[in-house]
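In listed order, ligands and their atoms are each counted from 1. If you're wondering where the values come from, they're calculated on a predicted model, not measured in any experiment.
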Amino acid sequence: MTNTPLPGHPHVHQRDGALHTEGVRLADLAATHGTPLFVYSKAAMLDALAAYQRGFAGRRAQICYAMKANSTLAVLQLFARAGCGFDIVSGGELQRVLAAGGDPAKVIFSGVGKTRAEMRQALDHGIACFNVESAAELDVLDEVARAHGSRARVSIRVNPDVDAKTHPYISTGLKGNKFGVAHDEALALYRHAARLAGLQVVGIDCHIGSQITDASPYLDAMDRVLDLVDAVEAAGIPIAHIDFGGGLGIVYGAPGDDAPPAADGLWQQLLAKLDARGYGDRLLMIEPGRSLVGNAGLCLTEVLYLKPGTQKNFCIVDAAMNDLPRPAMYQAFHQIVPLAPRADAPAVYDVVGPVCESGDWLGRDRKLAVQPGDHLAVLSAGAYCMSMSSNYNTRGRAAEVLVDGQAAHLIRAREDAQAQMRGESLLPG
Ligand code: LLP
């Protein structure tokens, strides 16, 4: 019996000519549950978390999983049981945390557009902190908290103006981005916040972008944030926690891509800087999303048709941009591998879905030996796939399975058309 893990995916391996996640044959899952089907490895998620936990060993730290990456209840439950808090960006996400058994006292609330109703809901549940993104939001939160009869714990999200060197849509720490408060305005805003009766200043935060593959933007951002902590505390406002956001990248396996640093190695470097600047004993918070779940998931899809052409060959599969939106949105690369490799000579295909848009592609110019009825796995699909999926073309959301050793748990049933139409009504008469 040979067991060959796929590079970058230690819990996905070829065994006896069949692709497995942990101890489960993926072809069996496709046969039982149909496709498209997301399959997650519990061990891969916990291993990814363990890298951060090792990085923070002996420190006061709270890992708040950025649940926008994958907000399926069972995934949240797994991280809650492992001690994580959550970084949320909506009232709906808070409801998911509660439904999954997460602790609202470990929840931080990010985002530039929190509504008054969302603020009240978060205050009702006593969340740990609001990461405030503007002067206007700060004043509204103060008003809402006073009316609520409570004090909102706040951190100001500082825009450190560093280039995370990632895709422009997911770069957030530059002056031209909509996120955070400009570095040179932050001190004045802290002074203002400290005077408001509805607020209690507890922290500072930043988040510079996503799919970051280099330590240097983190180190630069940390210096900029610590400069502000120096200034804010010199003004008599104590900062209890420092939150460095998320953003660490994963290996997608595109040719020529840089490999991101490992979470524990990155934090060794960052902690050395924190220690050198005298902040090593502060409560540290982070908000990782993709790096906890991205490479723990894949999406199984069936080849429907092969369509040879004069310019391109198309391999048409049953998963589409509504299931896997990252290629259409960011020209993102996901590896695509057959579940059972064929010995035939490969051809070069664009792997595309059934949605009526030329943007509906999953992979371009892929060398594959496939036939209709074969199954493919789209890798690195644990983050920002199901959570960004849609019902475009009235396609139901895919089912999801979580693998734990030899066991496979269905954690989301396939969505049918009835479920999609619930809540709609016809006109009278
Ligand atoms: N904290 C804040 C305030 C964020 O805005 C984000 C992600 C995170 C944490 C988590 O970042 P991560 O560790 O996952 O990189 N849909 C895009 C990614 C959007 C990221 C948005 N913010 C994609 O598929 O690449």
Side-chain angles (χ1 to χ4, degrees), residues 45 48-49 51-52 55 62-71 75 79 84-90 93 107-114 128-134 137 155-160 164-174 177-181 203-214 217-218 221 225 242-252 254 257 260-263 266-267 285-297 299 321 323-334 362 378-390:
M45 291 186 190
L49 177 64
Y52 282 102
Q62 177 64 58
I63 299 170
C64 291
Y65 167 52
M67 60 181 281
K68 62 170 81 69
N70 186 321
S71 53
V75 172
F79 286 117
C84 289
F86 296 93
D87 172 45
I88 65 166
V89 289
S90 70
E93 286 196 343
V107 164
I108 54 179
F109 193 169
S110 299
V112 296
K114 304 173 191 79
C129 187
F130 290 83
N131 289 352
V132 173
E133 303 232 11
S134 65
E137 180 195 337
S155 157
I156 292 178
R157 175 168 174 183
V158 175
N159 185 333
K165 301 184 196 116
T166 180
H167 190 286
Y169 283 12
I170 53 177
S171 182
T172 53
L174 280 167
N177 297 130
K178 69 177 175 181
F179 298 101
V181 172
I204 191 164
D205 66 285
C206 75
H207 171 78
I208 54 175
S210 200
Q211 186 53 20
I212 299 169
T213 54
D214 183 3
Y218 281 106
V225 168
I242 312 179
D243 170 356
F244 293 102
L248 182 58
I250 59 168
V251 174
Y252 281 100
D257 261 9
L266 172 69
W267 274 96
M285 311 243 258
I286 52 164
E287 309 162 2
R290 185 192 321 263
S291 53
L292 292 180
V293 292
N295 272 344
C299 182
M321 66 187 286
D323 307 296
L324 296 158
R326 303 191 65 261
M329 284 187 77
Y330 319 109
Q331 293 76 49
F333 179 94
H334 288 260
L362 305 181
V378 180
L379 302 186
S380 309
Y384 301 113
C385 292
M386 175 52 86
S387 62
M388 297 209 308
S389 67
S390 78

Below 3.5 Å, N or O to N or O, backbone or side chain included: is there any such pair between Gly289 and ligand 1? yes
Measure the distances from the heavy atoms of Gly247 to every atom of ligand 1 and state whether one is below 4.0 angstrom. yes
A side-chain contact here means heavy atoms from C-beta on lying under 4.5 Å apart; do Asp243 and Glu287 qualify? yes
Kindly write out the residues that satisfy side chain to side chain contact (heavy atoms under 4.5 Å, CB included) with Ala381, not counting sequence neighbours, or none if the list is empty. Phe38, Cys299, Leu324, Cys385
For ligand 1, which atoms, with element, lie under 4.0 Å from some heavy atom of Pro288? 13 (O)
Give the ring-plane orientation class for Phe86 versus Tyr65, where under 30° counts as parallel, over 60° as perpendicular and anything between as tilted. perpendicular
Evaluate Ala69 for polar contact with ligand 1, using N/O atom pairs at a separation under 3.5 Å. no
The atoms of ligand 1 lying under 4.0 Å from a heavy atom of Asp87, numbered in the order shown, are 1 (N), 2 (C), 9 (C)
Please examine the side chains of Ile88 and Met67, heavy atoms only from C-beta on, and report whether any two atoms are closer than 4.5 Å. yes
Is it true that the NZ or CZ of Lys114 lies under 6.0 Å from the centre of Phe130's six-membered ring and within 45 degrees of the ring axis? no
Which one holds for Arg326 and ligand 1: side chain close, backbone close, both close, or neither close, with close meaning a heavy atom under 4.0 Å? side chain
What are the atoms of ligand 1, with element, lying closer than 4.0 Å to any heavy atom of Ala66? 8 (C), 9 (C), 10 (C)
Just going by heavy-atom distances, which of Met329, Glu287, Lys68 is nearest to atom 6 (C) of ligand 1? Lys68
With a cut-off of 4.0 Å, which atoms of ligand 1 are near a heavy atom of Arg157? 3 (C)
Any nitrogen or oxygen of Tyr330 lying under 3.5 Å from a nitrogen or oxygen in ligand 1? Just yes or no. yes
Side chains of Ser291 and Tyr52: is there a donor and an acceptor less than 3.5 Å apart? yes
